[in-house]
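Below is one structure, written out as structure tokens; the observations come after it.
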There are 2 protein chains.
Amino acid sequence: MSGMNRRRITSKELAKLAGVSSATVSRAFSPDSRIGSATRDRILAVAREHGYQPNAIARSLNNQRSRLVALVVNAIGNPCEAEEQQLLVHRLQARQLLPIILCCADHADRLQLMRLASTYQVDHVVVFSDMVSMQDAVDIFHTTKPIIVSFEPLENENVSSIRIDGSAAADEIIDKIVRDGKKRFAYLAGTNSSWIDKLRRKWFADALAKRGLAFEAQAFGDYSYDSGFKEAVLLLHRDKVDAIICGNDVMAIGARDAARRVLGRNTPDDIAIVGQDGIAMAAWDCNDLTTLSLDHTAFIDAVVELIERHDAEIEGPHNITLTCAARWGSTA
Amino acid sequence: MSGMNRRRITSKELAKLAGVSSATVSRAFSPDSRIGSATRDRILAVAREHGYQPNAIARSLNNQRSRLVALVVNAIGNPCEAEEQQLLVHRLQARQLLPIILCCADHADRLQLMRLASTYQVDHVVVFSDMVSMQDAVDIFHTTKPIIVSFEPLENENVSSIRIDGSAAADEIIDKIVRDGKKRFAYLAGTNSSWIDKLRRKWFADALAKRGLAFEAQAFGDYSYDSGFKEAVLLLHRDKVDAIICGNDVMAIGARDAARRVLGRNTPDDIAIVGQDGIAMAAWDCNDLTTLSLDHTAFIDAVVELIERHDAEIEGPHNITLTCAARWGSTA
DNA sequence: TTTGCCTGTGTAATCGTGTGCACAATTCGT
DNA sequence: ACGAATTGTGCACACGATTACACAGGCAAA
């Protein structure tokens, strides 16, 4: 029972101990299969006694079903993703699915990593990262239809997607800021290579255009607090803007700190600052950020819904669209 | 090449295509095995053409080595753990090891989950959570010696451990606060069931005792910002303390916000607030927390070191001790 | 009693690789 | 030039489970 046994017992050995064949042992562990209930009870008792559990690797080989799910993410530490990752991991585990995290900074490494995971015959792939192209995902996981989180409709039969639309909420937010009298807008992007950021930027740019305005300045960070802080100093000092739309909440907090500390300017009177994602931290009293927020629960519901459809082997491309909402704080 | 192929090609099929036996295909993918370099090149070429990769599930079954690593954590979103998780995941992936995340709120579910993961024959187990007992870990993963992050020396042959000692740093911090004239201390713990928290509390309690002081009040939160905020209001209002040591940085930020917003008291003059963990966010300008901090890189180095020792099959219990350092901010 | 269905169990094949062993072909040493 | 050592490849089995098929026995209907 307790202590360290070097080797794990196999079904054949257990069979001998219980005086049955290994097939019967297997049946004892399959919920609905033809087996006498007395035999099953006896086998389960012996199994418990010897700490036997069926080997999932061998079962997967036979089943063609590993119950492993690959999650491709940009980062684990990044709070905006972490909340969603947490939710998803719980939902997966409730279905007896085990998540494998693929997380990599470098692009070549990331593809290599995805190839490695694909050799483990994962049952599902969820791509959160905008750093990997849809085509790469399809090519690498050729037998597993990937679920891709996207910001525009994907026109590929071989992927399912969740599209996120924040244009209406962006319009609301811009409306409020313009009515407050702000005129000079800047966009502080996460990275310059991300197409997600380009689309998010477009939501706000369109809202500005509707009112005869445009971004007067633009900067690139890396989604971190430090980059938000640093770039905001430049934007405020050099470009003299009075409103900054940030690529995520963490950079927005950095920008707010920079405005207050370095230039002595406060939100929302001197300057308006807007985040994106709607992470829990944004609502903390010390931050109280105005942000373009996504309902994380609805988002993960959508991912699980797509996984279920794949499991049920429903054919055809599946696309779900979610819309963002404005969450108001004291920074805009 | 591109598009969706339902079935994955096997080594036997590839062998037929390349005019060799499946054994030779296998050898082509094993770095050092007796095979002609011309044959290998031809096989690899055909493999690339048909998108063949050896099936890791089958290989694991044969090898008795899955290259999977189970990480047992309390939460993914929690920043104090997230930074370390991020580092560890990168280090694992550099060694071609795939991390499976086990993360669960409920205790019974957690054990169930660990049992599930153990059926996947994981090569290593790293337990970050203080919510699972050493004995449970040993019993469930009976063939895999777990690596346990602990705050006291573990006396079990069947586990390796990393011990974290913050007593010296706690002494430094208490010294400073006492010299600043604070007298009434409170401890705001993470949870009441966590033995990690009891030990951390002891570091500070010992430092106080050395100076003839003791904690005058104590409260329990759940490591979240909100719980830090709420409990701090009570401590300050009801117990009238002038120093709060918190179980982690996030609660410390909540407590600081509560002091400032609800009671109009500022750090460090009116009140001293101390965090624990040393997460990046604690150093942000808006927080600037004094905290008992652990060197995350050294910590993960230690985990990787233990994994390497297990791989090299070095016998005996392995224990590594790390010490915390005080990181000074403007809250104490 | 005979026929036939249903239940419970064992036998053997299968999933896709890795590898020990045997053997042919080639190279080397003297 | 001939035996020995080396190299390259195929055959067959093992890894640990699931499952189609066969079959023995129990029980009900005719």
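Chain letters run A, B, ... following the sequence lines, proteins first, then strands; residues in each count from 1.
Aromatic ring centres of F29(B) and Y52(B): separated by under 6.0 Å.
You won't find any donor-acceptor pair under 3.5 Å spanning the side chain of R40(A) and the base of dG8(C), going by distance alone.
Residue S30(A) is classed as having no contact, given no heavy-atom separation below 4.0 Å to the nucleic acid. Among the protein residues, L61(A) comes within range of the nucleic acid bases, having at least one heavy atom under 4.0 Å from a base atom. Counting any heavy atom pair closer than 4.0 Å across all strands shown, Y52(A) reaches sugar-phosphate atoms only and no base atom. In this structure, S21(A) reaches the bases: a heavy-atom distance under 4.0 Å links it to at least one base atom across the strands shown. At the heavy-atom level, V25(A) lies nowhere under 4.0 Å from the strands shown.
Relative orientation of the F299(B) and F128(B) rings is perpendicular, given thresholds of 30° and 60° on the angle between their planes.
In the set dT19(C), dT14(C), dT17(C), dT17(C) carries the atom at the smallest distance from any side-chain atom of N55(B). Between dT18(D), dT17(C), dG8(C), one nucleotide has an atom nearer to the side chain of T39(A) than all others, and that is dG8(C). You'll find that the side chain of A23(A) is closest to dA12(C), out of dG18(C), dA12(C), dC11(D).
Distance N63(B) CG to dG16(D) P: 12 Å, rounded to the nearest Å. Here the P atom of nucleotide dG10(C) and the NZ atom of K16(A) are 13 Å apart, to the nearest Å.
Between dT17(C) and S11(B), a contact under 4.0 Å exists linking OP1 or OP2 to a side-chain N or O. The shortest distance between the side-chain N/O atoms of S26(B) and the OP1/OP2 oxygens of dG18(C) is below 4.0 Å. Considering only side-chain N and O atoms, T24(A) lies under 4.0 angstrom from the phosphate OP1 or OP2 of dG10(C). Between Y120(A) and dG16(C) there is no side-chain N or O to OP1 or OP2 distance below 4.0 Å. Remark: S22(A) is not in phosphate contact with dA17(D), judged by side-chain N or O atoms under 4.0 Å from OP1 or OP2. Side-chain N/O atoms of Q121(B) include none lying less than 4.0 angstrom from OP1 or OP2 on dC15(D). At dG8(D), none of the side-chain N or O atoms of R34(B) fall inside 4.0 Å of OP1 or OP2 (strictly under the cut-off).
In terms of position along DNA chain D, the nucleotide closest to G19(B) lies nearer the 5' end than the nucleotide closest to the other residue of the pair N62(B) and G19(B). The residue among Q64(B) and V20(B) whose nearest nucleotide of DNA chain D lies closer to the 5′ end is V20(B).
Salt bridge status for R65(A) with D311(A): present, with a side-chain N to carboxylate O gap under 4.0 Å.
Taken to the nearest 0.5 Å, the CZ atom of R67(B) stands 15.5 Å off from the CD atom of Q121(B). The structure places CD1 of I9(A) at 5.0 Å from CG of L14(A), a figure rounded to the nearest 0.5 Å.
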